[in-house]
2 protein chains.
Amino acid sequence: MKTVTIKDVAKHANVSKSTVSQYLNKRYEYMGEETKKRIERAIEELGYQPNIVARSLKQKSTSTIGVIVANILHTFSTQVIRAIEDACHEKDFHIIVCNADDNPDKEKKYIDMLRAKQVDGLIIFPTGGNRELYERMVSEKYPVVFVDRSVSEIPIPAIMLDNVKAAKIAVQHFVEKGYERIGMITTSIIRNVTPRVERLTGFQQALQEHQLPVVQDYIKSLDPHQIREGLNEMLSLKEPPQAILAGNDLVLAEILNYAKEQHIQIPDDLALIGIDDVSYASFYNPPLTTIAQPTFDMGKKAAEMLLQKIQDADVKEEGHIYRFEPKLMMRESC
Amino acid sequence: MKTVTIKDVAKHANVSKSTVSQYLNKRYEYMGEETKKRIERAIEELGYQPNIVARSLKQKSTSTIGVIVANILHTFSTQVIRAIEDACHEKDFHIIVCNADDNPDKEKKYIDMLRAKQVDGLIIFPTGGNRELYERMVSEKYPVVFVDRSVSEIPIPAIMLDNVKAAKIAVQHFVEKGYERIGMITTSIIRNVTPRVERLTGFQQALQEHQLPVVQDYIKSLDPHQIREGLNEMLSLKEPPQAILAGNDLVLAEILNYAKEQHIQIPDDLALIGIDDVSYASFYNPPLTTIAQPTFDMGKKAAEMLLQKIQDADVKEEGHIYRFEPKLMMRESC
DNA sequence: CTGTTAGCGCCTTCAG
DNA sequence: CTGAAGGCGCTAACAG
């Protein structure tokens, strides 16, 4: 497998390397029809494939962007990745996806590695644990956009759901259905993950707006494996909640699991709304009422913004947070 | 953002480029403690990051492999990708994932592009529509391994489920539960996608082994959007099947959707087994009996084999098909 | 319209 | 133990 280079093609076609290079880059302007044909044939016969690595080195651009998700297990992440990929594909960009596992160290490692690989920009679902690094990228004007979460004081644009609104819509719906004792469970908020905090805030605000008491026993932020226990506590209260808002798809799955084990009827024994429109929502028994995020639009926007920044060097809209609208998918679990 | 190179570090540390290079590659052998420290400091102060692209060009190896899945929508694909990623991560390899959408043209495009990007090897869920290309890679001894599907006559190792067995296990279970009129639905087999064909074969064989008639009206291979209609036909027969085997997760979802709409009770009106252990299987109502694939093991094996081939140039085990055992997850839909 | 000449950033002999 | 020189494959002026 002797790799055939531009030089071989040149020799084979009886022209110089640069002429071939021109051809490859479609700068046909001053090129003779004849020459063009010859080069074409040579490429064909030799089975030549340009070496993108070499080209990248020269051009200082790899047409590749890195995507670092905090946790690939969320349906949200996978859907957004799909959308990013689609958008990039149109512009002939490629993506390298990495999963930081909600771990700042891993995140740092991936940022370093992707930059070493010379990706042209980064889309990050930030863990929030690498402020210095984020700052350095900003000061170096390296193209970055955040998704799902933002990091306070860091002027990097972020694509986010209107989380407060999402929670409010849920509460609103619960209230309309006549529920008064409403709880909420989210995954852990130790590192102040924006969406969780915001959803919690929105939840409490909504309760107040509806003149409902904010019962701390009805509100829990736990790691997935602690959720069953938390639920157990919550539902063992003398006055347990009648309805629960699941902060994301993972929480929802845990609740559903628990409900099944304990033979809890949904929505009769417990009403449920989940944030994130899971794949099985529509055909679950009962169909699950959810708050959907416009994942596709969000991913697309993220990709477009990044590609924009990559081209225009400095578009000045740093630090802005772009909010997307949550949507109630009314089904039967509430 | 003036990119800092090895040269800058060298100057800053008062040594030559090659010394720095040695340092970077941990060839400390003949290097003075003193020098080492100086270089270390210089790197630190300048915030130097080696340029992997340049290194790759020189070393003709990118420590990156490409993964081309036929259809990213399958849970199977995503899980295998996860496993591949994990395995590669251990060996400091990175992956670039592409989705061929079951389209040979896209597949070709991605293969070309990934090779142009100089990835060190490829893991492909082959569409089967690019024989010449597969063959060329074989003859060039380019490292490739197939997953999920194999391509006849192409000596590229393939990691596959024992599909025949998977179908047989399902039928066996149906029979044990007393069902006799058993049907099966798979996604389209126009391009002879191995797993589908094999599962169908296994299904029919199993029926015969159990002395059950093979009723063609009970067997359908359709595109996802045609499934509801196909089901409709099947269940409108004078003697409709009492049980159906869903060929994969997408088919299962369609059936579940249909069942919900038509108020078909599972398993009372219709028993169900799905191949692929979907995320919601355990907490669906009723919990879904499935045939699980050892996705993690399969992905891991694929990655290990490929990395092996990348290192050892030519390990001679081409063309072998590695079969993995399906596992019955007995729950309540059958 | 085509060839010559320099590198991109790094690694690798091979002399000092 | 360290520096100089050459080259990976490709692009980009700049001359012809």
Side-chain angles (χ1 to χ4, degrees), chain A residues 1-40 42-43 46-64 112-120, chain B residues 1-40 42-43 46-64 112-120:
Chain A
M1 176 182 160
K2 58 338 148 188
T3 125
V4 19
T5 83
I6 202 172
K7 191 181 193 174
D8 301 314
V9 178
K11 195 179 306 169
H12 200 86
N14 255 309
V15 296
S16 80
K17 289 194 307 174
S18 55
T19 309
V20 178
S21 178
Q22 312 246 60
Y23 171 85
L24 292 175
N25 293 287
K26 310 208 189 306
R27 302 199 94 325
Y28 302 132
E29 334 201 330
Y30 305 113
M31 195 174 301
E33 262 311 312
E34 167 60 13
T35 330
K36 207 150 78 179
K37 283 266 188 294
R38 279 218 312 285
I39 295 179
E40 203 157 349
I43 288 181
L46 270 45
Y48 168 75
Q49 290 268 141
N51 180 329
I52 295 189
V53 172
R55 184 200 314 230
S56 298
L57 176 58
K58 182 72 194 181
Q59 298 189 152
K60 294 161 166 319
S61 150
T62 51
S63 294
T64 302
D112 287 346
M113 168 244 130
L114 288 169
R115 294 206 53 184
K117 257 183 157 11
Q118 313 298 113
V119 297
D120 297 341
Chain B
M1 175 182 162
K2 62 330 146 199
T3 126
V4 19
T5 83
I6 204 173
K7 191 183 197 173
D8 302 312
V9 177
K11 195 179 307 170
H12 199 87
N14 254 309
V15 297
S16 81
K17 291 193 304 175
S18 55
T19 309
V20 178
S21 178
Q22 311 247 59
Y23 171 86
L24 291 174
N25 293 287
K26 311 207 190 306
R27 301 199 96 322
Y28 302 132
E29 332 200 330
Y30 305 113
M31 194 175 302
E33 262 310 312
E34 167 59 14
T35 331
K36 207 150 78 179
K37 283 267 188 292
R38 280 217 311 285
I39 296 179
E40 202 157 349
I43 288 181
L46 270 44
Y48 168 74
Q49 290 268 141
N51 179 328
I52 295 189
V53 172
R55 193 208 310 259
S56 298
L57 176 58
K58 183 71 194 183
Q59 298 188 155
K60 294 165 168 317
S61 150
T62 52
S63 293
T64 302
D112 287 345
M113 169 244 129
L114 288 168
R115 294 206 55 184
K117 257 183 154 19
Q118 312 298 113
V119 298
D120 297 341

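In what follows, chains carry the letters A, B, and so on, assigned in the order in which the sequence lines appear, proteins first and then strands, with residues in each chain numbered from 1. Computed from a predicted model, the values in this text were never measured in an experiment.
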Nearest-angstrom distance from the residue atom NZ of B:K7 to P of D:dG3:
15 Å

Has the side chain of B:K117 got a donor or acceptor atom that lies under 3.5 Å from a matching backbone atom of A:T62?
yes

Would B:Y23 and B:V15 satisfy side-chain contact (heavy atoms from CB on, under 4.5 Å), going step by step from the backbone distance to the final call?
CA-CA 11 Å; B:Y23 171 86; B:V15 297; over 6 Å; no

Heavy atoms of B:Y48 and B:V4 approach each other most closely as CD1-O, 3.3 Å

Send over the distance from A:Q22 CD to C:dG3 C1', rounded to a whole Å.
10 Å

For a quick test of reading the model: is some side-chain N or O of B:K36 closer than 4.0 Å to OP1 or OP2 of D:dC1?
no

NA contact type, B:Y23, heavy-atom cut-off 4.0 Å: base, sugar-phosphate, or nothing?
nothing

What one should report as the nearest heavy-atom pair of B:S16 and B:A10 is C-CB, 3.7 Å

For D:dT11, take OP1 and OP2 only and decide whether either is under 4.0 Å from a side-chain N or O of A:S21.
yes

A:K60 NZ - D:dA12 C1' separation (whole Å):
14 Å

Check whether any side-chain N or O of B:S56 sits under 3.5 Å from a backbone N or O of B:I52 as a donor-acceptor pair, and report yes or no.
yes

B:S21-B:S18 side chain donor-acceptor pair, cut-off 3.5 Å
no

For atom CD1 of B:I6 and atom P of C:dT12, their distance in whole Å
11 Å

Hey, mind stepping through A:T5 and A:N51 against side-chain contact (heavy atoms from CB on, under 4.5 Å) and telling me if it holds?
CA-CA 8 Å; A:T5 83; A:N51 180 329; over 6 Å; no

I need the NZ-P distance between B:K117 and D:dC8, as an integer number of Å.
22 Å

Protein-nucleotides 4-7 of chain D N/O pairs under 3.5 Å:
from	atom 1	to	atom 2	distance (Å)
D:dA4	N6	B:S18	OG	3.2
D:dG7	N2	B:K58	NZ	3.1
D:dG7	N3	B:K58	NZ	3.2

Using atom types as modelled and distance alone, determine if a side-chain donor or acceptor of B:N25 lies under 3.5 Å from a backbone N or O of B:Q22.
no

Which is it for A:T64 and A:D120 under the side-chain contact (heavy atoms from CB on, under 4.5 Å) test, yes or no, and what are the steps along the way?
CA-CA 6 Å; A:T64 302; A:D120 297 341; 5.9 Å; no

Can you tell me the distance, in whole Å, between the NZ atom of B:K11 and the C1' atom of D:dG3?
15 Å

Does any non-hydrogen side-chain atom of A:I6 lie less than 4.5 Å from one of A:L24?
yes

Go nucleotide by nucleotide along DNA chain D from the 5' end; which of A:Y48 and B:V15 gets its closest nucleotide reached first?
B:V15

For the CD atom of B:Q118 and the CD atom of A:Q49, what is their distance to the nearest 0.5 Å?
9.0 Å

According to a strict under-4.0 Å criterion, is B:T35 in side-chain N/O contact with OP1 or OP2 of D:dT2?
yes

Close residues, residues 50-57 of chain A, relative to DNA chain D [heavy-atom separation under 4.0 Å]
A:P50, A:N51, A:A54, A:R55

End-to-end bend of the helix from C:dC1-D:dG16 to C:dG16-D:dC1 (five-pair axes, 10° rounding)?
40°

